[in-house]
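A quick write-up on the structure given underneath.
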Amino acid sequence: MKKLVAIMLTCVMAMSLVACGNSKAKWTEEDLTFTGDSDSQEVKVDHAIIVYEDVTYYTSYADGSYEEFAEEFVTNRGLELGMSLEDYEKLYNVKPGYAVWELYSGDSNEWTSFEAYTNQEPGEMYDEYNNAWLDIGYSKVDGKWVQLEDHEVMDTWFCDADMDAYEEVVIFAVNFDTMGKVTGISLEHFTYDEAWVEWQGWAE
């Protein structure tokens with residue numbers, strides 16, 4: 001951890017452009033836009049985007065329809081496929097207490113679970129699972145985006161939180177392979193309501 005003196009010096013050096021707080025922790029409307037070589041897409045509320053090798057999908061929750069782009073989109077902060085966990089951590093200020101591993105069993109009765117992020121490497125998560133995503137989340141409060149704590153990311157994803165606890169939510173997730181390279185990027189932007197519960201379908 002940096003010493004107080006080092007923090008103060010850093011803030012003084014950057015005072016013309018950057019406040020002393022960590023701006024990377026803040027989510028803005030610009031973070032909802034993904035860009036490719038020939039197209040860009042803002043992820044509007046009740047829509048999702050997912051980036052895989054050579055293809056990007058943009059989906060509507062209303063009817064499940066989607067648009068397909070034959071290229072790998074990049075996030076507003078420059079995160080793209082092939083980067084590392086360290087790149088993700090730096091670009092999005094990923095840290096314990098505010099991030100969770102989203103894990104898939106991969107067997108015939110596939111199930112999803114979450115595990116709090118405590119600086120584990122992606123390879124560790126593949127000891128018991130065959131697919132690992134690292135998620136962070138934000139909720140809009142009075143027009144501003146506020147970062148969710150790790151348990152809040154889990155509760156909104158599994159629809160365990162009270163229906164009046166949140167309104168507009170973003171879950172940003174990054175898929176890693178066993179070597180720690182980014183193989184997928186997704187952003188779910190939704191209204192936390194009964195329609196979201198139905199879309200997730202956990203009760204089925």
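A salt bridge is absent between Lys144 and Glu29: the closest approach of a Lys/Arg side-chain nitrogen to an acidic carboxylate oxygen does not fall below 4.0 angstrom.
The side-chain heavy atoms of Glu30 and Thr28, taken from C-beta on, include a pair separated by under 4.5 Å. The shortest side-chain heavy-atom distance between Phe176 and Ser84 does not fall under the 4.5 Å cut-off. Side-chain contact between Thr191 and Val45: present, with at least one pair of heavy atoms (C-beta onward) separated by less than 4.5 Å. By the 4.5 Å heavy-atom criterion applied to side chains, Phe190 and Val170 are not counted as neighbours. Counting heavy atoms from C-beta outward, Val153 and Tyr98 have side chains that stay 4.5 Å or more apart. Between Glu53 and Thr183 the shortest side-chain heavy-atom distance does not fall below 4.5 Å. Using a 4.5 Å heavy-atom threshold, the side chains of Phe73 and Gln41 count as touching. Here the side chains of Val174 and Leu79 are in contact, with some heavy-atom distance below 4.5 Å.
Considering every non-hydrogen atom in both Ala132 and Asn175, the closest pair reads O-ND2, 2.7 Å.
Remark: aromatic rings of Tyr138 and Trp27 are close, center separation under 6.0 Å. Note: Phe158 and Phe114 meet the aromatic proximity criterion, with ring centroids under 6.0 Å apart.
In the displayed structure, Tyr104 atom OH is contacted under 6.0 Å by more than 12 heavy atoms of other residues, nucleotides or ligands. Annotation: Glu68, atom CD; neighbour count of heavy atoms from other residues, nucleotides and ligands within 6.0 Å is above 12. Other residues, nucleotides and ligands place no more than 12 heavy atoms under 6.0 Å from the CD atom of Glu128. Other residues, nucleotides and ligands place no more than 12 heavy atoms under 6.0 Å from the CE atom of Met179. In this structure, Glu124 places its CD atom where more than 12 heavy-atom neighbours from other residues, nucleotides or ligands lie under 6.0 Å away.
Below 30°, between 30° and 60°, or above 60°: for Phe172 and Phe34 the angle between ring planes is between 30° and 60°, a tilted geometry.
Rounding to the nearest 0.5 Å places OG of Ser60 at 13.5 Å from OH of Tyr66. Atom-to-atom distance recorded for Ile185:CD1 and Ile50:CD1 is 10.0 Å, nearest 0.5 angstrom. Atoms CG and CH2, on Asp193 and Trp199 in that order, are 13.0 Å from each other to the nearest 0.5 Å. Interatomic distance, Thr75 OG1 to Glu80 CD, rounded to the nearest 0.5 Å: 8.5 Å. With rounding to the nearest 0.5 angstrom, the CG atom of Leu148 is 11.0 Å from the CE atom of Met154. A distance of 10.0 Å separates OG1 in Thr118 from CH2 in Trp101, rounded to the nearest 0.5 Å.
Evaluation of the side-chain contact (heavy atoms from CB on, under 4.5 Å) rule for Val146 yields Val141 as partners, not counting sequence neighbours.
Judged by distance alone, with hydrogens and angles left aside, the side-chain atoms of Glu152 form a donor-acceptor pair with the main-chain N or O of Glu149 at under 3.5 Å. Judged purely by atom type and a 3.5 angstrom limit, Thr56 uses its side chain to pair as donor or acceptor with the backbone of Glu71. Between the side chain of Glu89 and the main chain of Lys95, no donor-acceptor pair closer than 3.5 Å is present.
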| task | Would you please test Tyr61 and Glu188 for side chain to side chain donor-acceptor pair (under 3.5 Å) and show each step? | result | CA-CA 10 Å; Tyr61 298 143; Glu188 308 266 356; 2.2 Å; yes
| request: Begin with the C-alpha distance, continue with both residues' side-chain angles, and end with the deciding distance and a verdict on ring-ring contact (aromatic ring centres under 6.0 Å, His included) for Tyr58 and His47. | output: CA-CA 7 Å; Tyr58 182 62; His47 288 75; 5.1 Å; yes
